[in-house]
Amino acid sequence: MEPSVLRRAVAASAIGNATEWFDYGIYAYLTVELTQAFFPGELGYLGTLLGFAISFVLRPLGGFVWGPLGDRIGRQKVLSMTIILMGVATFLIGVIPSYETIGWAAPALLFLLRIIQGFSTGGEYGGAATFMAEYAPDRKRGFWGSFLEFGTLAGFTLAVLVVFGLETAIGEQAMLDYGWRIPFMIALPLAMIGLYIRTKLEDTPVFRDLEAAGESESAATGALKDLIVRYWQPILALFGLVIALNVINYTLLTYMPTYLQTTLSMDSASADTVAVVGQVVMMLLIPFAGALSDRIGRKSCWWISLVGIFVLAIPMYMLMAVSVPLAILGFTVLGLIYLLQLGTISATFPAMFPTHVRFAGMAISYNVATAAFGGTAPLINEAAIEGTGDVLFPAYYMMGACVVGMIALYFVIETKGVSIAGRDVPGLAEHRARQAAKTGS
């Protein structure tokens with residue numbers, strides 16, 4: 001494959017992910033403004049966080065629709081549809097009248113558009129990870145796949161820079177009055193750029209080979225049935241890994257600005273500084289995390305990350321409460337350990353399924369777990385802190401998720417360097433050979 005084609009495939013996947021997480025990022029960083037615009041009454045911050053969580057209600061349905069469809073008609077076609085749907089829904093949030101203007105219709109419209117975002121995201125993330133994994137060379141799948149999550153961090157970082165830049169330019173009051181709408185409107189041109197890049201690419205070589213051999217699924221329902229009946233074990237293993245991944249992700253990255261401001265009484269500029277510095281460091285180092293997984297294996301990276309966060313979560317959260325510089329240090333330490341999960345997603349998760357059910361397996365498993373344990377994380381953290389008064393609850397929550405991840409990881413097959421083409425489970429033959437060598441049979 002020509003390097004230019006591979007780079008365009010990486011860009012096509014990453015920009016969609018960046019758009020998705022820009023959407024989630026601006027929602028998280030504009031919690032104060034959204035609360036005033038849509039939830040000025042008793043619900044307050046909890047209403048805004050409920051709006052964040054509700055977007056995950058239809059993510060599983062999106063996975064069930066987009067995933068099997070992607071295994072039937074191809075990854076590229078589905079990804080072209082999901083990115084534009086996602087961008088339009090985000091743009092429309094920026095034009096909803098406030099609660100003061102139209103009453104309860106305002107939060108109702110917000111919830112509706114967040115649900116549409118969730119439905120489109122149900123196909124976007126699993127599809128992008130599959131697309132990137134199937135384009136990447138087997139021995140460098142970790143390195144190239146890490147750029148999908150570079151897009152995640154770029155989206156988050158762009159979100160906070162846009163919000164901070166706007167607030168600096170127009171002031172806090174103008175930001176509360178109308179400025180918060182502008183970042184949501186920016187999502188549409190980002191999505192259009194991503195759509196343009198995606199439509200200029202062919203589908204993945206792995207999927208085209210399967211299609212040429214006449215072995216792709218002829219009906220979306222067939223892919224879904226085959227997935228559930230024959231591949232329930234990797235579905236459950238992926239479900240457990242995603243619980244760990246997303247509880248940490250949404251607690252550490254998405255909820256952090258709200259946590260620093262509402263719980264630790266940090267001003268918005270300081271909270272933004274903590275997030276930007278930590279995320280920029282993560283962006284710079286994430287390709288190294290992916291490359292490391294190509295050398296030592298995906299499972300080794302995940303073990304280091306899960307155990308490391310379990311051990312360091314409480315000390316780092318205690319550090320964050322001391323001062324802004326120590327908050328940056330604590331956030332960055334946890335973020336760097338988390339990179340060993342985040343940077344290996346595209347190399348690890350799609351490789352758990354054979355080609356003909358890969359998109360469906362990724363989309364369904366990932367989105368059901370994310371809806372239940374990822375999108376609800378900010379709401380659960382905020383409610384638990386308000387209910388118990390314990391500011392270390394986010395650390396406890398991440399530790400519990402790490403335990404679930406460790407159990408699931410035990411059942412995962414190592415796929416470092418193996419081919420993910422064809423209708424066989426990647427790495428299964430190599431795994432059986434290693435097991436036989438150990439037992440001497």
Side-chain angles (χ1 to χ4, degrees), residues 20-35 39 43-56 59 114 117-118 121 152-153 155-157 159-160 163-164 242-268 270-279 282 309 312-314 316-321 324 327-328 330-335 337-338 341-342 369-402:
E20 174 188 343
W21 292 103
F22 176 78
D23 300 348
Y24 283 114
I26 56 177
Y27 193 98
Y29 293 124
L30 291 169
T31 298
V32 174
E33 291 81 0
L34 290 170
T35 299
F39 304 98
L43 273 177
Y45 285 114
L46 287 178
T48 306
L49 292 177
L50 179 61
F52 183 87
I54 205 170
S55 72
F56 291 80
R59 278 189 75 149
R114 294 291 293 168
Q117 282 180 320
T121 304
T152 295
L153 295 170
F156 260 100
T157 305
V160 68
V163 171
F164 181 75
V242 175
I243 289 175
L245 176 84
N246 275 330
V247 166
I248 298 168
N249 194 323
Y250 288 93
T251 297
L252 187 63
L253 299 184
T254 306
Y255 177 63
M256 187 57 69
T258 302
Y259 175 78
L260 293 175
Q261 292 180 66
T262 62
T263 303
L264 300 186
S265 302
M266 193 177 289
D267 62 83
S268 61
S270 297
D272 291 345
T273 300
V274 171
V276 168
V277 172
Q279 287 169 192
M282 291 172 69
I309 290 175
L312 291 175
I314 291 176
M316 292 304 103
Y317 265 84
M318 292 175 69
L319 205 61
M320 287 184 217
V324 173
I328 292 173
F331 177 86
T332 304
V333 167
L334 290 176
I337 300 171
Y338 176 57
Q341 294 177 50
L342 191 66
T370 300
F373 296 95
T376 57
L379 185 64
I380 290 172
N381 280 302
E382 184 72 9
I385 291 171
E386 286 190 9
T388 66
D390 191 340
V391 299
L392 291 177
F393 180 83
Y396 309 148
Y397 196 38
M398 289 197 298
M399 291 169 68
C402 285

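- Take Tyr317 and apply the ring-ring contact (aromatic ring centres under 6.0 Å, His included) test, not counting sequence neighbours, and it matches Tyr259.
- A pairwise comparison of heavy atoms in Thr332 and Ile328 identifies OG1-O, 2.7 Å as the closest pair.
- Ring pair Phe156/Tyr29 is perpendicular by interplanar angle, where above 60° counts as perpendicular and below 30° as parallel.
- Summarising the geometry of Ala271 relative to Gln261, their closest heavy-atom pair is CB-CG, 3.9 Å, with the distance given to 0.1 Å.
- The shortest non-hydrogen separation linking Gly25 to Ala159 is C-CB, 3.7 Å.
- Looking at every heavy atom in both residues, Thr376 comes nearest to Ala371 through CG2-O, 3.7 Å.
- A distance-only check finds no donor-acceptor pair linking the side chain of Asn249 to the backbone of Leu245 [under 3.5 Å].
- The distance from atom CD of Glu33 to atom CD1 of Ile26, rounded to the nearest 0.5 Å, is 11.5 Å.
- Side chain of Arg114 to main chain of Ile54: no donor-acceptor pair is present (N/O by atom type, distance under 3.5 Å, no hydrogens or angles).
- Remark: Thr273 pairs with no residue by the side chain to side chain donor-acceptor pair (under 3.5 Å) rule, at least two apart or across chains.
- Taking every heavy atom of both residues into account, Ala383 and Leu46 meet most closely at N-CD2, 4.4 Å.
- Across all their heavy atoms, Asp390 and Ile385 have their closest contact at O-CG1, 3.6 Å.
- In this structure, Tyr338 OH and Met398 CE are separated by 10.5 Å, a value rounded to the nearest 0.5 Å.
- If you take CG on Leu342 and CD1 on Ile337, they are separated by 13.5 Å, rounding to the nearest 0.5 Å.
- The structure places OG1 of Thr31 at 10.0 Å from OH of Tyr255, a figure rounded to the nearest 0.5 Å.
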Exercise. When you look at Phe393 and Ile380, which way does the side-chain contact (heavy atoms from CB on, under 4.5 Å) test go after all the steps?
Worked result: CA-CA 10 Å; Phe393 180 83; Ile380 290 172; 4.0 Å; yes
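- If you take OG1 on Thr251 and CG on Leu334, they are separated by 11.0 Å, rounding to the nearest 0.5 Å.
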Problem set entry | Step-by-step side-chain contact (heavy atoms from CB on, under 4.5 Å) determination, Ser55 to Tyr24 | CA-CA 10 Å; Ser55 72; Tyr24 283 114; 3.6 Å; yes
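- Remark: Phe331 CZ to Leu252 CG distance equals 5.0 Å, nearest 0.5 Å.
- Side-chain atoms of Thr35 and Thr48 form a donor-acceptor pair, as typed in the model, at a separation below 3.5 Å.
- A 6.0 Å sphere centred on OH of Tyr396 holds more than 12 heavy atoms belonging to other residues, nucleotides or ligands.
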For this session: Check the pair Ile314 / Met399 against side-chain contact (heavy atoms from CB on, under 4.5 Å), numbers first and verdict last.
Result: CA-CA 9 Å; Ile314 291 176; Met399 291 169 68; 3.7 Å; yes
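- Here the rule is side-chain contact (heavy atoms from CB on, under 4.5 Å) with Cys402, and of Ile248, Val247, Ile243 only Ile248 fits it.
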